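Note that ligands are numbered from 1 as they come in the structure, with each ligand's atoms numbered from 1 the same way. What you are looking at is a predicted structure, and each value in this text was computed from that prediction instead of being measured. Numbers for residues simply follow the sequence, beginning at 1.
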Amino acid sequence: MAQLSVKICGVGFSNPVIAASGTFGFGREYNELYDISAAGGVSTKGLTLEPRPGNPVPRIAEGKSVILNAVGLMNPGVEEFIKNDLSWLKSKTTVIANVAGRTLEDYQGICARLDGIVDMIELNISCPNVRAGGMALGIKPQNVEEVTRLCKAALKTTPLIVKLSPNVESIAVNARAAESGGADCISLINTLTGMVVDIERRRPVIANNTGGVSGAGIMPIALRMVYEAAHAVDIPVIGMGGITCGKDAIAFMMAGARAVQVGTANFTDSYAIPRIVRETDEWLDAHGIADVNDIVDTLKLN
Ligand SMILES: Cc1cc2nc3c(=O)[nH]c(=O)nc-3n(C[C@H](O)[C@H](O)[C@H](O)COP(=O)(O)O)c2cc1C
């Protein structure tokens with residue numbers, strides 16, 4: 001058994017494998033299958049100030065080695081989460097609250113509400129935003145820096161993770177923009193924008209036409225971006241995108257991630273997270289590595 005616990009911005013995780021936002025709800029359904037304390041942490045479904053019904057259906061489509069989703073920010077709202085789920089989830093594992101909004105004031109308001117009662121806050125800046133003219137806030141570096149600065153100002157104690165969008169000109173520039181705005185940590189990647197077409201109907205499969213691409217097929221892109229971002233900033237990085245097994249998690253950590261998140265893999269294998277924790281441990285044991293932290297940022301370029 002290797003030592004698997006990691007610490008990010010002073011927050012402890014029992015292991016580096018965290019459930020990714022939007023693929024694990026608030027953990028209740030998975031906890032019926034296994035004790036979700038097995039996860040190093042859970043990033044919640046994206047929370048908004050008010051409840052949101054999400055986008056029209058169909059909102060999920062399958063591609064090759066990937067899925068496409070346009071679920072939208074379907075969630076019960078931050079107050080319902082605090083009332084019904086937060087203390088239960090905290091009794092199980094480390095809680096990262098993933099937050100979203102349409103306006104900068106929304107983001108600030110949710111951060112202020114969650115400050116001091118969750119372990120970390122993760123900003124989803126990939127959703128369409130009023131300030132950016134309907135475009136995602138996460139695209140232009142100046143918007144990334146601004147939303148980060150405003151949210152950081154609303155927080156007294158809880159460390160702030162900014163989750164970067166991959167649909168950008170330079171991931172390194174946006175990583176540095178988050179760091180300049182005061183982010184304590186960055187996570188990446190969110191989904192890539194894509195389309196799946198039903199050629200018989202000559203229409204996109206999902207009602208929203210386009211959606212976010214995730215799953216095994218995006219992993220090489222995610223790994224490259226995690227490497228570039230981790231080498232552009234001094235703050236810790238959480239890596240994700242297509243992880244399906246322990247060896248994938250190890251690759252992200254070698255590229256510079258201090259922990260990883262697992263999303264779409266939960267849909268193809270409900271037990272993906274405990275399996276990936278076990279496989280990571282087995283790989284470390286097989287290579288005589290006593291502490292998972294020792295593999296972080298050990299990748300050597302050719
Ligand atoms: C159905 C679905 C819903 C998602 N919802 C959110 C969300 O609410 N907030 C967020 O930051 N990311 C969300 N994501 C993105 C994932 O957290 C993750 O960044 C992405 O899927 C890449 O990881 P993966 O390939 O392991 O799934 C969602 C992804 C999927 C597939």
Side-chain angles (χ1 to χ4, degrees), residues 17-26 29 39 41-48 51-55 57-78 81 96-102 107 110 120-129 136-138 147 151 160-167 171 178 185-194 196 206 208 211-223 225-226 229 237-245 248-249 251-252 257 259-269 272-273 275-276:
V17 184
I18 301 165
S21 175
T23 64
F24 210 74
F26 302 127
E29 296 79 7
V42 170
S43 177
T44 67
K45 175 66 198 163
L47 297 162
T48 52
R52 293 269 192 92
N55 289 329
V57 293
R59 47 194 185 188
I60 302 249
E62 276 186 58
K64 293 174 188 156
S65 307
V66 293
I67 65 163
L68 198 79
N69 94 84
V71 169
L73 294 167
M74 183 178 69
N75 83 104
V78 69
F81 165 69
I96 301 175
N98 182 281
V99 308
R102 282 211 188 280
Y107 277 98
I110 306 172
M120 297 184 94
I121 288 175
E122 179 176 60
L123 294 188
N124 173 8
I125 53 174
S126 297
C127 31
N129 191 272
L137 271 180
V147 68
C151 289
L160 181 64
I161 307 169
V162 175
K163 183 168 177 179
L164 301 179
S165 166
N167 305 307
I171 202 74
C185 176
I186 54 175
S187 62
L188 70 159
I189 59 173
N190 211 317
T191 54
L192 293 139
T193 306
V196 174
I206 56 174
N208 204 48
V213 183
S214 64
I218 72 167
M219 187 171 132
I221 302 167
L223 257 181
M225 289 192 169
V226 165
V237 172
I238 299 175
M240 78 196 88
I243 295 174
T244 62
C245 64
D248 294 348
F252 273 87
V260 297
Q261 292 186 11
V262 172
T264 305
N266 292 300
F267 299 155
T268 43
D269 172 9
I273 288 180
R275 177 177 53 74
I276 292 169

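- Numbered from 1 in the order shown, with element, the atoms of ligand 1 that lie under 4.0 Å from a heavy atom of M240 read 18 (C), 19 (O).
- Between atom 24 (P) of ligand 1 and the options G138, A19, G242, A222, the minimum heavy-atom separation is to G242.
- Comparing heavy-atom distances from atom 2 (C) of ligand 1 across I243, T44, N69 singles out N69 as nearest.
- Atom numbering of ligand 1 starts at 1 in the shown order; those under 4.0 Å from a heavy atom of T191 are 20 (C), 21 (O).
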Side chain to side chain donor-acceptor pair (under 3.5 Å) between E122 and S21: does it pass, once the steps are laid out? CA-CA 9 Å; E122 179 176 60; S21 175; 5.1 Å; no
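- Here I189 has backbone heavy atoms under 4.0 Å from ligand 1, and that is the only part of it that gets that close.
- Looking only at protein heavy atoms, the nearest one to atom 3 (C) of ligand 1 is G22 O, 3.4 Å.
- Scored by the salt bridge (charged side-chain N to carboxylate O under 4.0 Å, His left out) test, R52 finds no partners at all (sequence neighbours excluded).
- When each of T264, V260, L223, V17 is tested with I243 by the rule side chain to side chain contact (heavy atoms under 4.5 Å, CB included), just one qualifies, namely V260.
- By the criterion of a heavy-atom distance under 4.0 Å, both the backbone and the side chain of N190 are placed next to ligand 1.
- The protein heavy-atom contact nearest to atom 21 (O) of ligand 1 is S214 CB, 3.2 Å.
- The shortest N or O to N or O distance between T23 and ligand 1 is not under 3.5 Å.
- For ligand 1, the atoms lying closer than 4.0 Å to a non-hydrogen atom of A20 are 17 (O).
- T48 contributes no side-chain N or O that, together with a main-chain N or O of G101, makes up a donor-acceptor pair within less than 3.5 Å.
- In K163, the part holding a heavy atom less than 4.0 Å from any atom of ligand 1 is the side chain.
- Between N124 and ligand 1, at least one N/O pair is under 3.5 Å apart.
- Counting atoms of ligand 1 from 1 in the listed order, those under 4.0 Å from a heavy atom of G46 are 8 (O).
- Taking every non-hydrogen atom of G241 and a distance limit under 4.0 Å, the qualifying atoms of ligand 1 come out as 22 (C), 23 (O), 25 (O).
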Side chain to side chain donor-acceptor pair (under 3.5 Å) between S214 and N69, worked out: CA-CA 8 Å; S214 64; N69 94 84; 5.0 Å; no
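- Taking distance alone, with nitrogen or oxygen atoms compared against 3.5 Å, G215 approaches ligand 1 more closely than that limit.
- Among protein heavy atoms, the minimum distance from atom 26 (O) of ligand 1 is reached at G263 N, 3.0 Å.
- Counting heavy atoms from C-beta outward, M225 and L164 have side chains that stay 4.5 Å or more apart.
- Residue N98 holds its CG atom at 5.5 Å from NZ of K163, rounded to the nearest 0.5 Å.
- Between E122 and ligand 1, a contact under 3.5 Å exists for no N or O pair.
- N208 contributes no side-chain N or O that, together with a main-chain N or O of A70, makes up a donor-acceptor pair within less than 3.5 Å.
- With V162 as the fixed residue, the side chain to side chain contact (heavy atoms under 4.5 Å, CB included) test singles out one of V147, I125, L188: I125.
- Although no hydrogens or angles enter the test, the distance criterion places a donor-acceptor pair under 3.5 Å between the side chain of N167 and the main chain of T191.
- The single protein non-hydrogen atom nearest to atom 11 (O) of ligand 1 is N98 ND2, 2.9 Å, given as residue, atom name and distance.
- In this structure the side chain of C245 reaches within 4.5 angstrom of the side chain of R275, judged on heavy atoms.
- At the shortest separation from atom 6 (C) of ligand 1 among protein heavy atoms lies S21 O, 3.4 Å.
- Pairing each heavy atom of I96 with each of I121, the nearest pair is CG2-C, 4.4 Å.
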